[in-house]
Engineer: 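I'd like to ask some things about the structure below.
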Amino acid sequence: MRIDLTRRLLIAAFALAASTTASAQAWPAKPVKIVVPFAPGGTTDVVARMVGQKLSEVWGQTVVIENRAGAGGNLGADAVAKSPADGYTLLMASGSITINPNLYAKMPFDTLRDLVPITNVASGPMMVVVQDSSPYKSVKDLIAAAKAQPGKLNFGSAGVGSQVHLAAENFADSAGIEVQHVPYKGEAVAYNDLLGGQVQFMVGNMAAASALTGPGRLRALAVTSRTRSAQFPEIPTVAESGLPGFENTGWFGFFAPAGTPPAVIEKIHQDTVKALADSQIKGRLFVAGMSPVASSPAELGQQMDAELKRWATVVKNRNLKTN
């Protein structure tokens with residue numbers, strides 16, 4: 001009797017494993033949706049569309065990009081967390097995924113429990129930018145002006161909890177300055193007001209910020225990487241501009257709802273790695289000031305653990321808790 005029961009359990013286990021493998025091999029059998037939790041035109045959107053187009057070719061299926069902006073990325077992330085765990089709804093998140101759990105008193109989902117990391121797609125430094133007609137010619141000028149007028153200067157962001165928001169707060173914390181945050185519904189909208197002079201500076205994702213630099217537009221004061229950017233070697237780092245040791249990297253990664261079959265997660269990961277190895281994708285990322293990362297799910301999970309701790313410190317220092 002026990003032998004028969006054991007045999008049946010083994011047969012069931014093998015059948016389940018075979019079914020899971022077959023499911024991964026058959027996936028995707030229909031269009032895949034990538035949710036971008038920010039407005040169109042921002043860097044998260046640009047990366048999602050760039051990689052999504054290549055994955056569509058790899059999968060032989062349509063990849064639909066859906067922008068669901070709001071609550072610093074929480075609205076779109078929550079929608080994915082509550083979607084069927086079948087691999088057909090993915091999240092292209094930014095660093096805000098590790099910021100918001102520290103920032104918001106109440107989250108609609110649990111970042112570590114309800115979402116599964118797949119891969120860090122791309123990362124790159126951010127850029128401190130001002131209007132080209134601004135009197136601030138350097139990071140030192142900006143800091144000096146902020147110290148002379150505490151609370152008078154303001155900065156724009158892609159919304160409360162966005163990595164553009166916290167990058168500026170991290171900068172302000174390191175510089176010991178008090179500046180006012182003006183949140184927008186997307187990074188692109190914030191740049192419009194920076195160009196118009198309604199806000200004085202931003203610490204934006206390099207892809208979006210660098211595209212707007214030039215005479216009569218924006219002026220780049222510094223990049224937030226540890227060393228100068230290969231794409232813009234003439235622009236100094238924040239660290240060499242008066243804040244030694246300062247570093248702030250922006251990143252963008254794929255996540256799926258918790259419970260998505262591991263074989264499907266692995267297929268998405270492997271196919272994304274293939275997409276990021278494409279010379280055209282590499283070239284487009286380089287022009288945008290980013291590099292492909294293609295980390296494993298485990299590596300992205302470790303990165304999230306480290307960043308959750310890091311942003312907890314910044315949020316506490318800047319007294320940023322929100323409802």
Side-chain angles (χ1 to χ4, degrees), residues 28 32-38 40-61 63-65 73 77 80 87 90-98 115-127 158 162-164 167 187 204-211 223-233 235 237 247-256 264-307:
V32 177
K33 179 169 64 178
I34 298 175
V35 174
V36 175
F38 296 101
T43 308
T44 313
D45 181 66
V46 170
V47 173
R49 293 179 189 278
M50 185 189 305
V51 178
Q53 181 180 14
K54 191 64 183 178
L55 287 175
S56 178
E57 297 173 11
V58 173
W59 292 334
Q61 291 285 351
V63 172
V64 179
I65 307 297
V80 174
L90 306 176
L91 173 69
M92 173 61 81
S94 70
S96 66
I97 201 76
T98 57
L115 292 169
V116 178
I118 301 175
T119 184
N120 182 342
V121 173
S123 69
M126 303 181 81
M127 186 176 276
S162 64
Q163 65 182 4
V164 176
E187 189 176 2
N205 290 300
M206 186 180 283
S210 63
V223 293
T224 63
S225 46
R226 187 173 301 172
T227 59
R228 292 197 180 198
S229 164
Q231 296 89 330
F232 307 98
I235 301 174
T237 65
E247 183 178 14
N248 198 117
T249 302
W251 63 274
F252 310 89
F254 273 139
F255 293 80
V264 173
I265 294 293
E266 183 56 27
K267 178 168 176 54
I268 297 170
H269 170 246
Q270 290 178 356
D271 289 344
T272 303
V273 171
K274 291 177 185 176
L276 292 172
D278 180 79
S279 59
Q280 289 187 339
I281 295 292
K282 283 183 175 180
R284 291 172 68 184
L285 286 172
F286 180 84
V287 170
M290 293 182 285
S291 301
V293 179
S295 62
S296 69
E299 288 170 336
L300 179 52
Q302 291 167 359
Q303 177 186 342
M304 290 180 66
D305 288 340
E307 292 210 1

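Quantities reported herein were computed from a predicted structural model and do not represent experimental measurements. The residues of the chain are indexed from 1 along the displayed sequence.
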Engineer: Counting N and O atoms only, with roles assigned by atom type, does the side chain of H269 sit under 3.5 Å from a partner on the main chain of P117, one being a donor and the other an acceptor?
Structural biologist: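 Such a contact is absent between H269 side chain and P117 backbone.
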Engineer: Between the side chains of S94 and S96, does any donor sit under 3.5 Å from an acceptor?
Structural biologist: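 Yes.
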Engineer: Verify side-chain hydrogen bond (donor to acceptor under 3.5 Å, both in side chains) between Q270 and E266, making sure each step is shown before the conclusion.
Structural biologist: CA-CA 6 Å; Q270 290 178 356; E266 183 56 27; 2.9 Å; yes
Engineer: Closest heavy-atom contact between V223 and S229?
Structural biologist: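 For V223 and S229, the tightest heavy-atom pair comes out as CG2-N, 4.3 Å.
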Engineer: Using modelled atom types only, decide if a donor and an acceptor are shared between the side chain of D278 and the backbone of Q280 within a distance under 3.5 Å.
Structural biologist: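 Yes; judged by distance alone, with no hydrogens or angles, the pair exists.
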Engineer: Going by atom types only, do E299 and N120 share a side-chain donor-acceptor pair under 3.5 Å?
Structural biologist: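 N120 and E299 do not have a side-chain donor-acceptor pair below 3.5 Å.
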Engineer: Taking only residues two or more places apart in sequence or in another chain, which ones pass side chain to side chain donor-acceptor pair (under 3.5 Å) with D271?
Structural biologist: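 For D271, the residues satisfying side chain to side chain donor-acceptor pair (under 3.5 Å) (neighbours in sequence not counted) are W59, K267.
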Engineer: Main chain of M126, side chain of T224: is a donor-acceptor contact present, judged purely on distance under 3.5 Å?
Structural biologist: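 Pair found, side chain donor or acceptor close to backbone of M126.
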Engineer: Are the side chains of K282 and L276 in touch, meaning some heavy atoms are under 4.5 Å apart?
Structural biologist: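 Of all side-chain heavy-atom pairs linking L276 with K282, none is under 4.5 Å.
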Engineer: Compare all side-chain heavy atoms of Q303 with those of T98 and state whether any distance is below 4.5 angstrom.
Structural biologist: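 Counting from C-beta outward, Q303 and T98 never come under 4.5 Å.
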Engineer: Using 0.5 Å steps for rounding, measure from the CD atom of Q163 to the CG atom of N205.
Structural biologist: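 Here the rounded value is 4.5 Å.
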Engineer: Testing the basics here: between T237 and T227, what is the closest heavy-atom pair and its distance to 0.1 Å?
Structural biologist: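 Smallest heavy-atom distance, with atoms named: CG2-C, 3.4 Å.
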Engineer: May I ask you to check whether T43 and E187 show a side-chain donor-acceptor distance below 3.5 Å?
Structural biologist: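 Yes, because at least one side-chain N or O of T43 sits under 3.5 Å from a partner of the opposite role on E187.
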Engineer: Would you indicate whether the side-chain heavy atoms of I65 and D45 approach each other to under 4.5 Å?
Structural biologist: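 Answer yes - side chains close enough.
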Engineer: For the CD1 atom of I268 and the CD1 atom of I118, what is their distance to the nearest 0.5 Å?
Structural biologist: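 The CD1 atom of I118 is 4.5 Å from CD1 of I268, to the nearest 0.5 Å.
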Engineer: Would you give the length of the straight line joining atom OG of S56 to atom CD of Q61, rounded to the nearest 0.5 angstrom?
Structural biologist: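 Between atom OG of S56 and atom CD of Q61 there are 8.0 Å.
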Engineer: I need the F232 CZ to M206 CE distance, nearest 0.5 Å.
Structural biologist: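 The CZ atom of F232 sits 6.0 Å away from the CE atom of M206.
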Engineer: Is there side-chain contact between F38 and S162, with heavy atoms separated by less than 4.5 Å?
Structural biologist: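 F38 reaches S162 side chain to side chain.
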Engineer: What's the shortest heavy-atom distance between I34 and G52, and which atoms?
Structural biologist: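 That closest heavy-atom pairing would be CD1-CA, 4.1 Å.
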Engineer: Please check if the side chain of T119 supplies one atom and the backbone of S296 the other of a donor-acceptor pair under 3.5 Å.
Structural biologist: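 No, the answer is negative, given that no donor and acceptor are paired below the 3.5 Å cut-off.
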Engineer: Taking all atoms of both residues into account, what is the closest heavy-atom pair of A167 and N248, and its distance?
Structural biologist: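 In terms of heavy atoms, the two residues are closest at CA-OD1, 3.6 Å.
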Engineer: Any chance you could lay out the side-chain contact (heavy atoms from CB on, under 4.5 Å) test for V121 and V47, step after step, and finish with the verdict?
Structural biologist: CA-CA 8 Å; V121 173; V47 173; 4.1 Å; yes
Engineer: Identify the two heavy atoms, one from G41 and one from V46, that lie closest to each other, and give their separation to 0.1 Å.
Structural biologist: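 Smallest interatomic distance, heavy atoms only, reads O-CG2, 4.2 Å.
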Engineer: Under the criterion side-chain contact (heavy atoms from CB on, under 4.5 Å), I'd like the reasoning laid out for T272 against F254: C-alpha separation, chi angles, the key distance, then a yes or no.
Structural biologist: CA-CA 9 Å; T272 303; F254 273 139; 3.8 Å; yes
Engineer: Is the shortest heavy-atom distance from the side chain of P297 to the side chain of V116 under 4.5 Å?
Structural biologist: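 They are not in side-chain contact.
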Engineer: Just verifying a value: how many Å separate F286 CZ and Q231 CD, rounded to the nearest 0.5 Å?
Structural biologist: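 Output value for this atom pair is 4.0 Å.
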Engineer: Any chance the side chains of W251 and E307 put a donor and an acceptor closer than 3.5 Å?
Structural biologist: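 Yes, E307 and W251 have a side-chain donor paired with an acceptor closer than 3.5 Å.
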Engineer: Distance check, rounded to the nearest 0.5 Å: I97 atom CD1 versus L115 atom CG?
Structural biologist: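 Result: 5.5 Å between the selected atoms.
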Engineer: Could you go through the side-chain contact (heavy atoms from CB on, under 4.5 Å) check for V63 and Q53 one step at a time?
Structural biologist: CA-CA 7 Å; V63 172; Q53 181 180 14; over 6 Å; no
Engineer: Looking only at non-hydrogen atoms, find the nearest pair between L90 and G87 and report the distance.
Structural biologist: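 Smallest interatomic distance, heavy atoms only, reads CD2-O, 3.7 Å.
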Engineer: Does M127 reach the side chain of S210, with side-chain heavy atoms less than 4.5 Å apart?
Structural biologist: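 M127 reaches S210 side chain to side chain.
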Engineer: Check whether more than 12 heavy atoms from other residues, nucleotides or ligands sit under 6.0 Å from atom CZ of R226, and answer yes or no.
Structural biologist: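 Atom CZ in R226 is not crowded, with 12 or fewer foreign heavy atoms closer than 6.0 Å.
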